[in-house]
Amino acid sequence: ALPEPAAEALKDSDLIVDMSASVAVSRTLALNENAARCVSLFFNPSASDLVMLAEDAKRARSLLDLEASYYAELSVNADLAGHLHVADETGVRFGNGCRDVTARTSPDKVAIFGGLAVQGLRSASASSDAVAKIWRTTPDGAVKIIGLPTPPFRSRRVGDWDVRWSDELVTRLSAQRRADLPNETGGILLGLVDFERRQICVSAAIDPPPDSVKKPHYFERGKTGLEARLRSVGQATAGQLRYVGEWHSHPDGWAATPSDDDDALFATLAALFRGTGEPYLMSIVSEAVLFWRFGLNGEAFDARLELHSKVL
């Protein structure tokens, strides 16, 4: 728990600006229900880009949700290639963790980004909406602004974990389901997993590989190119976006209720994750419901979301 003076300061502020470049700090702020609206500003490891993640005035889109959406965008946006990469010859390791690498930054870049950060902060604070963007520099000094999605997330408590689903992702899965009718479809789920705070933000998915089998009432996810794709996602997001399970669809007229084959799939996931201490999901998308079974250390919990309910 925070010392009382610090807790009061977070509560009584108009705006909290986090420039620590610390994942732990931003996530702690995101989960503090009494804190004021938060904005996170940080450089990427090579100091070529400036990132701003700003919550909306009501904090419906928290820093954690914005962080998960940021990683999801890094995994698919070619304009952001290499964003979280730091070259070995320029990196300076200050710890033993995979993210414990920094880089020397020239004063001119700090000055440029400092001015952009102030301008961006003023603009974001003047709006009640969530804002996420990246200022990306080029070797010749040009600056390109790349806007990032800020979708709402829907949450359900399963056991002592909080599972949060990006509404943008849920909409995409539903659209993919409709496009493949009358056949079933599916793919791999990717998410941000915070073990300390027991949260999963499911924010991205990988399309079914070309060797997948799609039939009415049956789907078998293929493997072609999948290993390389997962490796690419890991590199693009510095390991933050990870494989969290599988999803598939049910055709019109069929409920999002696990079949015997679905139970077998969950058992396969349980065997795959056994002994890792990591959570995993098996999800079903029907015409009106998103169902998932959450597993961890041999335990399982079921939850669902109505697809057509309003997201605040």
Side-chain angles (χ1 to χ4, degrees), residues 10 15-42 51-77 80 83-84 120-121 124-125 127-134 146-158 161-174 189-205 233 236-242 244-245 247 279 281 283 290 292 294 303 305-307 309-312:
L10 292 180
L15 189 70
I16 299 169
V17 182
D18 167 31
M19 294 186 288
S20 65
S22 165
V23 169
V25 170
S26 66
R27 294 182 187 175
T28 298
L29 288 172
L31 298 180
N32 188 325
E33 296 180 354
N34 295 319
R37 181 187 187 186
C38 299
V39 179
S40 180
L41 285 158
F42 57 93
V51 182
M52 181 177 71
L53 307 176
E55 296 178 338
D56 60 289
K58 294 183 179 180
R59 304 195 71 204
R61 291 159 176 79
S62 72
L63 284 182
L64 183 65
D65 297 337
L66 296 173
E67 181 189 356
S69 297
Y70 158 64
Y71 292 132
E73 187 68 10
L74 292 183
S75 72
V76 297
N77 192 334
L80 293 171
H83 171 73
L84 289 182
L121 185 60
S125 61
S127 169
S128 60
D129 297 330
V131 180
K133 62 176 66 176
I134 294 176
I146 301 173
L148 305 177
T150 60
F153 278 66
R154 285 187 273 184
S155 174
R156 289 290 183 273
R157 197 75 181 173
V158 287
W161 279 71
D162 182 26
V163 180
R164 305 178 64 80
W165 288 83
S166 162
D167 193 57
E168 183 176 65
L169 173 63
V170 172
T171 299
R172 173 187 158 193
L173 299 185
S174 295
L189 295 172
L190 303 171
L192 175 64
V193 182
D194 189 316
F195 293 93
E196 181 179 353
R197 296 159 187 83
R198 297 182 179 275
Q199 288 206 334
I200 302 178
C201 291
V202 189
S203 59
V233 169
T237 66
Q240 289 297 302
L241 207 61
R242 64 175 70 197
V244 294
W247 80 276
L281 304 170
S283 180
L290 167 68
W292 70 92
F294 170 92
L305 289 172
E306 299 295 329
L307 295 181
S309 61
K310 184 178 180 180
V311 183
L312 301 179

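Position 1 is the first residue of the sequence; numbering continues from there. Note that the structure is predicted; figures quoted are calculated from it, not measured.
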**Request:** Under the side-chain contact (heavy atoms from CB on, under 4.5 Å) rule, what do S125 and V39 come out as? Steps first, then yes or no, please.
**Result:** CA-CA 9 Å; S125 61; V39 179; over 6 Å; no
**Prompt:** Side chains of L84 and Q240: does their closest heavy-atom pair fall under 4.5 Å?
**Reply:** no
**Message:** Give me the atom names and distance for the closest heavy-atom approach of P151 to R61.
**Reply:** C-NE, 3.8 Å
**Asked** Say you draw a straight line from CG of D18 to CG of L63; how long is it, rounded to the nearest 0.5 Å?
**Response** 7.0 Å
**Asked** Taking atom CG of L80 and atom CD of E73, what is their separation to the nearest 0.5 Å?
**Response** 6.5 Å
**Asked** Do Q199 and L31 come within less than 4.5 Å of each other through their side chains, counting heavy atoms only?
**Response** yes
**Request:** Decide side-chain contact (heavy atoms from CB on, under 4.5 Å) for L173 and L189; before the verdict, give the C-alpha distance in whole Å, the side-chain angles of both, and the deciding distance to 0.1 Å.
**Result:** CA-CA 10 Å; L173 299 185; L189 295 172; 4.2 Å; yes
**Request:** Calculate, to the nearest 0.5 Å, the distance between atoms CD1 and CG belonging to I134 and L53 respectively.
**Result:** 8.0 Å
**Request:** Could you go through the side-chain contact (heavy atoms from CB on, under 4.5 Å) check for V51 and H83 one step at a time?
**Result:** CA-CA 10 Å; V51 182; H83 171 73; 3.6 Å; yes
**Residue pair S69 / P149: nearest heavy atoms and the distance that separates them** = CB-O, 3.7 Å
**Item:** Among F153, W247, W292, F294, ring-ring contact (aromatic ring centres under 6.0 Å, His included) partner for W165
**Value:** W292
**Fill in**
Nearest heavy-atom approach of E196 to D194 is N-OD1, 3.2 Å
**Minimum-distance pair of heavy atoms, taken over all atoms of R154 and V170** = NH2-CG1, 4.0 Å
**Prompt:** Is it true that a side-chain atom of S203 and a backbone atom of A72 form a donor plus acceptor pair closer than 3.5 Å?
**Reply:** no
**Message:** Restricting to non-hydrogen atoms, name the atom on D65 and the atom on A60 that form the minimum distance, rounded to 0.1 Å.
**Reply:** OD2-O, 3.9 Å
**Asked** For the side chain of S127 and the backbone of A124, is there at least one donor-acceptor N/O pair under 3.5 Å apart?
**Response** no
**Request:** Report yes or no: does R197 contribute a side-chain atom to a donor-acceptor pair with the main-chain N or O of D162 at less than 3.5 Å?
**Result:** no
**Message:** Within the structure provided, determine whether V193 and P279 are in side-chain contact (heavy-atom separation under 4.5 Å).
**Reply:** yes
**Prompt:** Are the side chain of R37 and the backbone N or O of E55 linked by a donor-acceptor pair below 3.5 Å?
**Reply:** yes
**Request:** First locate atom SG of C38, then atom CG of L66, and finally report the distance between them rounded to the nearest 0.5 Å.
**Result:** 10.5 Å
**Beyond-backbone contact of R27 with L192, side-chain heavy atoms, under 4.5 angstrom** = yes
**Prompt:** So, D167 side chain and P152 main chain: donor-acceptor pair closer than 3.5 Å or not?
**Reply:** no
**Prompt:** Is there a donor-acceptor pair under 3.5 Å between the side chain of R156 and the backbone N or O of A303?
**Reply:** no
**Shortest non-hydrogen contact between D56 and A130, atoms and distance** = CB-N, 3.5 Å
**Asked** Under the 3.5 angstrom rule, does the side chain of R172 hit a backbone N or O of A205 as a donor-acceptor pair?
**Response** yes
**Message:** Could you tell me if the side chain of L15 sits less than 4.5 Å from the side chain of L121, heavy atoms only?
**Reply:** yes
**Asked** Nearest 0.5 Å, what's the OG1-CG distance between T28 and L10?
**Response** 10.5 Å
**Prompt:** Which distance, rounded to the nearest 0.5 Å, do you find between the CD1 of I200 and the CZ of F195?
**Reply:** 8.0 Å
